[in-house]
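Just follow the structure's listing: the first ligand is 1, and inside any ligand the first atom is 1.
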Amino acid sequence: LAQLYGPLNQLGYIYRSVNQSLVDTEKLLALLNEPTEVNDKENAADLVVYNGEIEFENVHFSYDGRASALNGVSFKVPKGGSLALVGESGAGKSTILRLLYRFYDLGEGQGRILIDGQDIRDVTQKSLRQAIGVVPQDSVLFNSSIRYNIGYGKFNATMEEIEAAAKSAQMHERIMSFPEGYNTKVGERGIRLSGGEKQRVAIARTLLKNPPILLLDEATSALDTSTEKDIQKALQNLVKGRSSVSIAHRLSTIASADVILVLKDGQVAEQGNFKELIELDGLFASMWADQISSNDELAVSFSDTSVK
Ligand code: ATP
């Protein structure tokens, strides 16, 4: 019996961790919040990414067939470009990310979403999701080592690759301060990481995955200044050379975006870079003025930021 105990115990452990992984994978997609409802077409081809150009062409969408969540949204993100989505709650920001990740398919007459000219309804979900990295607002960790948590981004990642990703995500030094370095357990049953640290783990994981397209849902909660700097640097390393669409709350993301899309009631109210939208003196400029007057710290970092 004693001889059986070890393997059984191990089996139990494997079962628990597999089970936990499934739960965690679901949570990982919590940004998108919905079970997937789309089916691939028969003989659907794989998406082939040449440049990572994203285009929304007059997109209309409703969750319930009545109230409209998006009402004629068009934009283009060129190769390596960054798009920041801003707008009040319910304006349609998350819907744009969900549609791009294909949690719902657009119906006839609801416009088109294209990646490098290919309608995403015509390609396999698997190939689409392989091409897209998601950094959610609240990243979930597996109850396993930090090494596993980062390495999850790429099948068979080597230790060198994991370390390089952690360095680029500004997380390596923190990991080296853990009692067992990269073998330290994190998650509910291990070392608890702060929100900013979890986010950097998610960034490292995504760096390993190396997708040409990124979807980012920035945390709304304020982080202390040094964590904020680390995250900014990690994000800069991540978005470099990739096309990105962010639900943007961070000043640095908004100020450095190639295009800011200001959404209101499912429509594009304004579109331009930071300087252009401030000069336009419309909705974005007034949202911005409100932000600054309600947050002195933001005002300070605002003056520090070089704006295009
Ligand atoms: P927030 O900043 O609060 O996350 P958002 O700009 O991301 O808001 P969306 O979540 O895209 O807004 O919502 C757009 C519209 O669609 C809203 O009117 C919202 O109530 C509606 N909506 C969002 N998700 C669902 C859903 N699962 N079922 C029905 N309606 C939904």
State the atoms of ligand 1, each with its element, that fall below the 4.0 Å cut-off from a heavy-atom position in Thr95.
9 (P), 11 (O), 13 (O), 14 (C)

Name the orientation class of the two ring planes belonging to Trp288 and Phe274 (parallel below 30°, tilted from 30 to 60°, perpendicular beyond 60°).
perpendicular

Other residues, nucleotides and ligands only: do more than 12 of their heavy atoms fall within 6.0 Å of CZ on Arg147?
no

Ser74 (side chain) donor-acceptor with Glu57 (main chain) under 3.5 angstrom
no

Run the numbers for me: atoms of ligand 1, each under 4.0 Å from some heavy atom of Ser89, listed by number.
1 (P), 2 (O), 3 (O), 8 (O)

For Glu88, atoms of ligand 1 separated by under 4.0 Å from a heavy atom:
6 (O)

Candidate with minimal heavy-atom separation from atom 16 (O) of ligand 1, of Tyr63, Phe61, Tyr104, Phe103
Tyr63

Near Ala69 (heavy-atom distance under 4.0 Å), the atoms of ligand 1 are 15 (C), 16 (O)

Assess the side chains of Tyr63 and Thr95: does a donor N or O sit below 3.5 Å from an acceptor N or O?
yes

Yes or no: does Gly92 have any heavy atom under 4.0 Å from an atom of ligand 1?
yes

Any Lys/Arg nitrogen of Arg102 or Asp40 sitting under 4.0 Å from an Asp/Glu carboxylate oxygen of the other?
yes

So is there a nitrogen or oxygen of Ala91 less than 3.5 Å from a nitrogen or oxygen in ligand 1?
yes

Keeping the roles fixed (side chain from Gln170, backbone from Lys233), state whether a donor-acceptor pair exists under 3.5 Å.
no

